[in-house]
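As structure tokens, the structure follows; a few thoughts come after it.
Residue numbers run from 1 in the order of the sequence given. Computed from heavy atoms alone, side chains included, the values below leave out hydrogens, waters and symmetry copies.
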Amino acid sequence: MQIIIVGCGKMGSSVAVQLVAEGHRVTIVDQSESVIEQISNTQDVIGYVGNGAVFSVLESAGAKDADLLLALTQSDELNLLSCLIAHKIGAKHTVARVRNPEYAAHMYQISDDLGLSMTVNPDRQAAEEIARVLRFPAAMHVELFANGRVELVSSKLPEKSILNGVPLYELPQKLGGKVLICAVERGGVYTIPGGSFVLRGGDTLYLTGAPREVAKTLRKAGVLANPVRSVMIAGGGRISYYLAQELLKSNLSVKIIERSRDRARVMAEQLPDAVVLNGDVTDHDLLQEEGIGSTDAFVALTGLDEGNILSALYAKHRNVSKVIAKVNNDSLETLIKGVSLDSVVSPKRVATNRILRYVRSREASADQGEIRGLYKIADGSIEVLEFLASAENRNLLDIPLKDLRTKKHILIACIVRNGKAIIPGGMDCIEAGDIVMVVTEQRLMNDLGDIMEDVR
């Protein structure tokens, strides 16, 4: 696909790297000459210096022939205007990054008028991910598939778990067999395990299944934590606003600490049911005074990654049961692996996954198995995809899974049929209309048929 990206900040550059790796023709538009020079020297992209909301700039960048334009600057207004102009010039599809809650709430009403195919709100999507983890505190990450009927949950296996030393083929006897461990991380090495794989304490497990079955499995494995009822949030930015909204809907107690007096006042007006304090989260005396030792969860969401890590580590030192930190810097996220943080959330990663899923869906033929979900785990080395099986996938329908000639390092993790999640065995079949969850080390899978070996 021919793709134009307007805005080459952290998110734009991250998306560009992924799209180039997947073989797309990428053009970058940014007002900074040094930014364009830097990414042009490191990636196979075409760079244009200019304002991505100006007709002549987008025309020169090839918007008329573009399959997709992604407007990912820091300005919502510029993004929306860029998409409108690109649509008028002839771009087939446009996606805008829109973070302002006042705009985001009404996007569905004006998307057609603006020629928008989709909007991306990294802050809201990061908040939703954090809220899912807080509702499931034993998890490090929680991703939903099949409209919430299937969960992908990552959790660390305790040394004292009944699963320590157990091969996967014994799991049905131990746990009932209604979840699937689709990936394991051990010592920085990620594996899509077979039946003979033996679990060890300290492994990070990626489990999939119906939400109730996943919870039951984690409880039997000894890793289900106490429910979260009170949350302390460091920082009063957009993610904090969206997160507090979600938590208050669930009747959780929410306390927000924001350094800026003006911003704290705005948050207090917007969230009357939350406790909003003006203070510095690096002040440990303040945190103690406000009850950090008795809160169930602490979420660090300031604009500074390093500050988030340090305040989260302090919360862990104070024995807070669930600690989450927002970290957008990839190198920092790599450095803090192995420390005692429960979860790290990256708005950039969440939004990038959403954009990649959309691009893959556009690539896939309309009459083949459509990508409905995409999630990268294991530092991006493993993908979990959700496909809709169609009648066009005749080469793999109604055939027992044990007889399918699938590619190596591919696992059919779950099938959703008539609203029910099925952990498949060798005799199960895929039927037209099923939602199929595939775990793979392969790249560039665009439809369900890509799981099959090429037959010459």
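Residues passing the side-chain hydrogen bond (donor to acceptor under 3.5 Å, both in side chains) test with Glu143, sequence neighbours excluded: Arg132. For Asn147, there are no side-chain hydrogen bond (donor to acceptor under 3.5 Å, both in side chains) partners at least two apart in sequence or on another chain. Taking Thr204 as the reference, Lys156, Glu185 meet the side-chain hydrogen bond (donor to acceptor under 3.5 Å, both in side chains) condition, with sequence neighbours excluded. Residues passing the ring-ring contact (aromatic ring centres under 6.0 Å, His included) test with His284 are Tyr314, sequence neighbours excluded. By the side-chain hydrogen bond (donor to acceptor under 3.5 Å, both in side chains) test, Asp262 is found to be paired with Arg265, residues two or more places apart in sequence or in another chain being considered. Evaluation of the side chain to side chain contact (heavy atoms under 4.5 Å, CB included) rule for Pro137 yields Ala225, Val228, Lys322 as partners, not counting sequence neighbours. For Glu258, the side chain to side chain contact (heavy atoms under 4.5 Å, CB included) partners are Ser260, Arg263, Ala264, not counting sequence neighbours.
Sorted by first and then second residue, the salt bridge (charged side-chain N to carboxylate O under 4.0 Å, His left out) pairs with a member in residues 32-53 form an empty list; sequence neighbours excluded. Within the structure, side-chain hydrogen bond (donor to acceptor under 3.5 Å, both in side chains) pairs that include any residue of residues 78-88 comprise Thr73-Asn79 (at least two apart or interchain).
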Distance-only donor-acceptor hits, side chain of residues 243-254, under 3.5 Å, sequence neighbours excluded:
unit_1: Gln245; atom_1: NE2; unit_2: Tyr241; atom_2: OH; d: 3.0
unit_1: Glu246; atom_1: OE1; unit_2: Arg135; atom_2: NH2; d: 3.4

Result block: side-chain N/O donor-acceptor pairs under 3.5 angstrom for residues 96-105, not counting sequence neighbours:
unit_1: Arg97; atom_1: NH1; unit_2: Leu72; atom_2: O; d: 3.2
unit_1: Arg99; atom_1: NH2; unit_2: Gln74; atom_2: OE1; d: 3.0
unit_1: Asn100; atom_1: OD1; unit_2: Glu102; atom_2: N; d: 2.8
unit_1: Tyr103; atom_1: OH; unit_2: Glu77; atom_2: OE2; d: 2.6

Throw together a table of side-chain donor-acceptor distances under 3.5 angstrom for residues 50-63, partners on residues two or more places apart or in other chains.
unit_1: Asn51; atom_1: OD1; unit_2: Ala53; atom_2: N; d: 2.9
unit_1: Ser60; atom_1: OG; unit_2: Ser56; atom_2: O; d: 2.9

